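This report refers to the structure that appears directly beneath it.
No experiment lies behind these values; they were computed from the predicted model shown. Hydrogens, waters and symmetry mates play no part in the numbers below; they use all other heavy atoms, side chains included.
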Amino acid sequence: MKQRLIAWILAAVLMAPGMAVAQTLRMVSEVLPPSSMMENNVVVGRETAKVRELLARAGIAYSIELLPWKRAYAQALREADTCVYSTARTPGREALFRWVGPLNEAEWVLYGLASRHFTLRSLDDARGLVIGTVLGDARDEYLRAHGMQVAPVTQEWLNPQKLLLGRIDLWAVGMAVGSRPFAGKEWDAMVVPLLTFNRVQTYLACNKQLPEAQYMAMQRAVTAMRRDGAMARHDLLK
């Protein structure tokens with residue numbers, strides 16, 4: 001009888017709302033090659049691979065979905081079981097999430113058409129020019145706060161089209177430090193980097209109600225991946 005009672009109590013505790021072992025987490029991101037994209041109906045990409053591995057190491061069940069960035073970000077803010085990646089950790093966002101990472105370091109770079117011969121020494125040189133951003137993205141927020149003229153879209157892939165068509169003057173790109181984000185694109189030679197205007201670290205940003213046990217398990221996995229070289233190996237993936 002005593003053993004059955006102990007077993008019943010243990011089962012009740014494990015099934016209690018909010019316990020890490022009973023909760024499947026939802027990972028959301030945007031379509032942003034090579035970080036996250038669909039391939040044969042599976043979400044893949046460099047940052048996606050990091051998220052998958054850290055969750056596997058932490059022993060946490062999960063799902064992954066790609067959404068427009070603003071929607072993905074809003075869901076992580078609103079829904080207790082949701083995390084969004086890769087999210088720039090900025091002072092304005094610090095208190096909004098539980099931050100798992102860092103997963104990477106990113107540069108924010110203004111790109112323009114090579115044929116227009118813009119010269120930018122500082123962000124002030126871009127005043128009066130229309131800059132393509134993603135609605136709700138940290139770059140969009142940063143540029144607005146600095147009084148720049150932005151033209152946001154809901155998904156990043158629309159910006160190079162607008163740049164090539166002359167509908168925007170510049171494109172604010174977030175890219176892993178040292179990467180070549182447009183290698184292999186037919187328009188790669190047509191756009192050039194003009195100014196790196198900020199550097200940030202990117203994280204898995206989880207809802208504030210993420211259980212402590214899950215948070216600690218994920219953070220330990222990130223630390224181990226950085227120590228054993230797994231993070232760096234994922235960065236080498238094409």
Looking at side-chain heavy atoms only, is the closest gap between [X] and [Y] below 4.5 Å?
X: L120; Y: L170; result: yes
X: V153; Y: Q155; result: no
X: N104; Y: M231; result: no
X: V173; Y: N159; result: no

query = Are any of the side-chain nitrogens in D124 or R127 under 4.0 Å away from the carboxylate oxygens of its partner?
reply = yes
ask   = Sequence neighbours excluded, which residues qualify as salt bridge (charged side-chain N to carboxylate O under 4.0 Å, His left out) partners of E105?
value = none
request  = Sequence neighbours left out, what passes salt bridge (charged side-chain N to carboxylate O under 4.0 Å, His left out) with R167? Give chain and number order.
outcome  =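 Counting only residues at least two positions away or on another chain, R167 forms no salt bridge (charged side-chain N to carboxylate O under 4.0 Å, His left out).
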task = Any chance you could lay out the side-chain contact (heavy atoms from CB on, under 4.5 Å) test for M27 and L25, step after step, and finish with the verdict?
result = CA-CA 6 Å; M27 303 290 119; L25 293 184; 3.6 Å; yes
[X] and [Y]: which non-hydrogen atoms are nearest, and at how many Å?
X: T154; Y: V134; result: O-CG1, 4.0 Å
X: A49; Y: H234; result: CB-ND1, 3.5 Å
X: R139; Y: A172; result: NH1-O, 2.9 Å
X: S86; Y: S29; result: N-OG, 4.1 Å
X: P102; Y: V222; result: O-CG1, 3.9 Å
X: R52; Y: V43; result: NH2-O, 3.0 Å

[X] side chain vs [Y] backbone, donor-acceptor pair below 3.5 Å:
X: D125; Y: S122; value: yes
X: R26; Y: E65; value: no
X: S36; Y: E30; value: yes
X: R57; Y: R220; value: no
X: Q219; Y: G101; value: yes
X: W99; Y: E94; value: yes
X: D235; Y: R46; value: no
X: K208; Y: A95; value: yes

Roughly how far, to the nearest 0.5 Å, is [atom2] of [Y] from [atom1] of [X]?
X: Y215; Y: I60; atom1: OH; atom2: CD1; result: 12.0 Å
X: L66; Y: L32; atom1: CG; atom2: CG; result: 10.0 Å
X: Q214; Y: C206; atom1: CD; atom2: SG; result: 8.5 Å
X: L55; Y: L204; atom1: CG; atom2: CG; result: 7.0 Å
X: E47; Y: L103; atom1: CD; atom2: CG; result: 6.0 Å
X: Q161; Y: L165; atom1: CD; atom2: CG; result: 7.0 Å

Is it possible for you to say whether [X] and [Y] belong to one hydrophobic cluster, with membership spreading through side-chain heavy-atom contacts below 4.5 Å?
X: I168; Y: V150; result: no
X: F182; Y: M37; result: no
X: V100; Y: M216; result: yes
X: L96; Y: L67; result: yes
X: M38; Y: Y62; result: yes

When you look at [atom1] of [X], are more than 12 heavy atoms from neighbouring residues, nucleotides or ligands closer to it than 6.0 Å?
X: Q209; atom1: CD; result: no
X: R78; atom1: CZ; result: yes
X: K70; atom1: NZ; result: no

Show me the donor-acceptor pairs, under 3.5 Å and distance only, between side chains in residues 190-201 and residues at least two apart or in other chains.
| residue | atom | partner | partner atom | Å |
| --- | --- | --- | --- | --- |
| R199 | NE | E107 | OE2 | 3.3 |
| R199 | NH2 | E107 | OE2 | 2.5 |
| Q201 | OE1 | Y203 | OH | 3.4 |

inquiry  = Is there a side-chain contact (heavy atoms from CB on, under 4.5 Å) between R233 and M225? Walk through the geometry before answering.
reply    = CA-CA 10 Å; R233 286 195 296 273; M225 289 171 67; over 6 Å; no
task = Give the intermediate values and the outcome of side-chain contact (heavy atoms from CB on, under 4.5 Å) for residues F118 and L129.
result = CA-CA 10 Å; F118 287 127; L129 299 177; 4.1 Å; yes
task = List the steps, then state whether side-chain hydrogen bond (donor to acceptor under 3.5 Å, both in side chains) holds for E156 with W171.
result = CA-CA 10 Å; E156 189 75 271; W171 174 20; 2.9 Å; yes
ask   = Going by atom types only, do T202 and Y85 share a side-chain donor-acceptor pair under 3.5 Å?
value =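 No, no side-chain donor-acceptor contact under 3.5 Å.
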request  = Report the relative orientation of the aromatic rings in Y73 and W69; use parallel for angles under 30°, tilted for 30 to 60°, perpendicular for over 60°.
outcome  = tilted
task = Can you run down the side-chain hydrogen bond (donor to acceptor under 3.5 Å, both in side chains) pairs that involve residues 142-153, sequence neighbours left out, and say none if there aren't any?
result =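 Listed by first then second residue: D140-R144.
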ask   = What residues, two or more places apart in sequence or in another chain, satisfy side chain to side chain donor-acceptor pair (under 3.5 Å) together with E39?
value =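 Checked E39 against side chain to side chain donor-acceptor pair (under 3.5 Å); zero matches.
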query = Can you list the residues that meet the side chain to side chain donor-acceptor pair (under 3.5 Å) rule with N207, with sequence neighbours excluded?
reply = none
